2 protein chains.
Amino acid sequence: MIRELPSLVIPGVTIDVLKASCATCSMHQLCLPMGLDDKDMERLDQIIGRRRKVARGANLFRIGDTFQNLYAIRLGHFKTCQVSQDGVEQITGFQMAGELLGMDAISTDLHHCTAVALEDSEVCEIPFSTLQQLLGDMPTLLRHFHRMMSQEITREQSVMLLLGNMQATQRFAAFLVNLSSRYEARGYSPNTFQLRMSREEIGNYLGLTIESISRLLSRFKKEALLRVSNREIEMLDPPRLKAVAAGSQTCN
Amino acid sequence: MIRELPSLVIPGVTIDVLKASCATCSMHQLCLPMGLDDKDMERLDQIIGRRRKVARGANLFRIGDTFQNLYAIRLGHFKTCQVSQDGVEQITGFQMAGELLGMDAISTDLHHCTAVALEDSEVCEIPFSTLQQLLGDMPTLLRHFHRMMSQEITREQSVMLLLGNMQATQRFAAFLVNLSSRYEARGYSPNTFQLRMSREEIGNYLGLTIESISRLLSRFKKEALLRVSNREIEMLDPPRLKAVAAGSQTCN
DNA sequence: CGGGTGTTTGACTTCAGTCAAGTTGTGTGG
DNA sequence: CCACACAACTTGACTGAAGTCAAACACCCG
């Protein structure tokens with residue numbers, strides 16, 4: 001039931017003709033349909049477009065693409081990155097299932113960042129103009145959509161805090177604690193998880209170099225804060241890690 | 001016509017009982033009513049609450065306050081700041097006339113930052129629950145509101161870029177270029193303006209120290225990029241300053 | 001099994017921070 | 001209007017956290 005639609009071939013992006021359904025999606029308590037009753041959820045389902053598979057490394061959209069759809073992540077992980085005028089890339093976020101991609105494009109109808117799948121992933125395509133019509137007569141959906149946009153603003157403000165006045169150690173601890181709580185919210189173990197991004201990507205996101213990330217991992221390992229094996233992370237002492245993230249524990 | 005309402009005394013915040021009017025406000029082409037026809041603008045006007053004067057240094061709202069209103073700046077300048085767990089303050093933005101304050105509070109109904117007036121200022125109070133009803137049947141307003149939220153997301157992403165991988169020189173040049181373009185959009189001179197914030201506040205925003213800002217100002221002065229007199233800035237060579245901001249000019 | 005990418009570790013460098021002293025500006029009360 | 005006090009800013013000397021460069025090592029995949 002999966003085929004490449006010849007009219008819309010994007011490398012690594014295939015289109016699943018099975019319609020997505022919010023009601024049966026495990027993410028519906030975190031995603032756009034949160035709090036909707038069955039009738040409203042049905043209406044939302046009807047406007048949601050194709051389900052797309054995005055292969056690891058493939059772009060879902062790129063800076064400068066015209067904006068048509070928001071994307072809800074069903075499965076997998078993405079990174080979003082900006083490029084400065086001198087061509088340097090900055091990762092602005094890592095997104096996981098239940099999160100929405102593309103909200104920064106609403107302002108100008110052009111995407112301001114590129115979204116790349118960190119592993120084979122699946123998204124629901126949400127045509128924005130149709131969504132907007134629906135928002136007009138579904139106050140619950142409108143409210144939740146605003147919450148999601150606002151949440152994105154809040155998230156970015158906390159990254160500004162992190163980049164603006166935290167030390168490397170604190171940044172990295174905060175990063176791990178943040179991932180942990182997001183996995184927990186999705187029903188996964190908060191203490192053991194797989195990093196979906198490379199050391200280089202973590203460093204880029206945190207405003208640090210790959211070497212610094214590597215050294216920090218080694219230090220946290222030595223301090224018995226973490227067990228690390230490649231991209232597998234186990235938090236051995238979450239309270240202390242949180243204290244390091246909060247800046248109340250120096251961690252020599 | 002200006003009096004302190006005894007029921008709502010906030011230090012430095014007085015309430016002007018004259019109703020605000022979007023139609024006569026010089027900011028209506030940048031602010032929420034952008035693009036509305038006369039009839040719709042009238043409807044928006046009717047839901048807009050009091051006009052408030054906020055004295056220099058006074059808080060419009062604080063972290064943790066319950067969210068009731070968005071605020072549109074009619075006049076003056078604000079800063080918004082976050083506080084990290086260890087009590088360090090991070091300025092997340094400087095806002096000027098025509099910009100909206102409080103959008104980060106929608107997600108949890110609590111303000112996530114504190115807004116402080118940098119000079120005597122005036123804002124329009126926009127009760128959010130009333131606004132939301134209006135958004136339901138004014139698609140043009142809905143669209144523009146989404147654009148403004150999205151713009152805030154984009155703005156923050158570009159600050160992340162700045163904090164994440166620009167050098168001090170580049171950060172500061174980018175900051176000045178950004179201010180310049182915002183003054184230009186408001187019909188003021190893009191090349192001569194008054195800084196409304198202290199060196200310390202600039203440093204905090206840019207993730208640098210007050211000493212670094214001072215040294216950068218001196219260097220830009222010596223390089224004939226700026227004329228500086230206290231908080232008065234004159235850009236002597238905007239193209240070169242833009243080149244420094246873009247990272248294409250090193251500026252020894 | 002070999003090649004390439006991704007990661008770790010060490011030695012050295014540098015940019016921006018810290019500390020300290022001095023200067024200029026501002027606002028208040030005599 | 002001046003004098004004083006305090007805040008804001010500037011400048012210099014020194015320090016240190018994180019970056020750069022380089023080499024070695026580990027893991028993955030054909």
Side-chain angles (χ1 to χ4, degrees), chain A residues 55-57 79 86 88-91 116 118-120 162-175 194-223 226-233 244 247 250-252, chain B residues 55-57 79 88-91 116 118-120 162-176 194-223 226-233 244 247 250-252:
Chain A
R56 179 191 164 130
K79 67 172 176 182
D86 46 329
V88 187
E89 193 175 290
Q90 166 75 34
I91 296 174
V116 184
L118 294 174
E119 60 187 326
D120 291 352
L162 180 145
L163 292 172
N165 58 42
M166 287 186 188
Q167 308 274 24
T169 316
Q170 209 180 338
R171 289 187 201 183
F172 186 56
F175 169 74
Q194 197 78 26
L195 296 173
R196 317 297 160 129
M197 63 296 282
S198 68
R199 309 282 194 262
E200 180 154 31
E201 287 165 331
I202 298 172
N204 182 306
Y205 177 63
L206 297 177
L208 300 169
T209 57
I210 180 174
E211 292 95 331
S212 293
I213 300 301
S214 190
R215 282 185 241 273
L216 285 164
L217 275 168
S218 302
R219 199 158 96 221
F220 284 5
K221 222 172 356 181
K222 204 163 60 188
E223 300 260 335
L226 296 179
R227 214 183 43 70
V228 183
S229 156
N230 304 323
R231 294 191 174 185
E232 176 88 18
I233 295 285
V244 173
T250 323
C251 172
N252 32 293
Chain B
R56 178 191 164 133
K79 67 172 175 182
V88 187
E89 194 176 290
Q90 166 75 35
I91 296 175
V116 184
L118 294 174
E119 60 187 327
D120 292 352
L162 179 145
L163 292 172
N165 59 42
M166 288 187 189
Q167 308 274 22
T169 316
Q170 208 181 340
R171 289 186 200 184
F172 186 55
F175 169 73
L176 293 171
Q194 197 79 27
L195 296 173
R196 317 297 161 129
M197 63 296 283
S198 68
R199 310 282 195 262
E200 181 155 31
E201 286 165 332
I202 299 171
N204 182 304
Y205 177 62
L206 297 177
L208 300 170
T209 57
I210 180 174
E211 292 95 329
S212 294
I213 300 301
S214 191
R215 283 185 242 271
L216 285 165
L217 274 167
S218 301
R219 200 159 95 219
F220 284 5
K221 222 172 357 182
K222 204 163 60 188
E223 300 260 336
L226 296 179
R227 213 180 46 68
V228 183
S229 156
N230 303 322
R231 293 191 176 184
E232 176 87 19
I233 295 284
V244 174
T250 322
C251 172
N252 32 292

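Residue numbers begin at 1 in each chain, while the letters A, B, ... track the order of the sequences. Everything quoted here is computed from the prediction, not taken from an experiment.
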d([atom1], [X]; [atom2], [N]) in whole Å:
{"X": "A:Leu195", "N": "C:dG6", "atom1": "CG", "atom2": "P", "answer": "15 Å"}
{"X": "A:Arg56", "N": "C:dT5", "atom1": "CZ", "atom2": "P", "answer": "14 Å"}
{"X": "B:Phe172", "N": "C:dA16", "atom1": "CZ", "atom2": "C1'", "answer": "15 Å"}
{"X": "A:Leu226", "N": "C:dT7", "atom1": "CG", "atom2": "P", "answer": "16 Å"}
{"X": "B:Asn165", "N": "D:dT20", "atom1": "CG", "atom2": "P", "answer": "11 Å"}
{"X": "A:Glu119", "N": "D:dC28", "atom1": "CD", "atom2": "P", "answer": "16 Å"}
{"X": "A:Leu216", "N": "C:dT9", "atom1": "CG", "atom2": "P", "answer": "12 Å"}

To the nearest 0.5 Å, what is the distance between CG (A:Asp86) and CG (B:Asn165)?
->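 With rounding to 0.5 Å, CG (A:Asp86) is 7.5 Å from CG (B:Asn165).
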Can you tell me how far CD1 of B:Ile91 sits from CD of B:Glu201, rounded to the nearest 0.5 angstrom?
->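 The distance works out to 4.5 Å.
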May I ask you to test the [X]-[Y] pair for a side-chain heavy-atom distance under 4.5 Å?
{"X": "A:Leu217", "Y": "A:Arg199", "answer": "yes"}
{"X": "B:Gln167", "Y": "B:Arg171", "answer": "no"}
{"X": "B:Phe220", "Y": "B:Leu176", "answer": "yes"}

Do A:Arg219 and A:Thr169 meet the criterion of a side-chain donor-acceptor pair at a distance under 3.5 Å?
->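 Short answer, yes.
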Using a cut-off of 4.0 Å between protein heavy atoms and nucleotide atoms, how would you tag nucleotides 6-19 of chain D 5' to 3' with B, S and -?
-> ---SBBBB---SSS
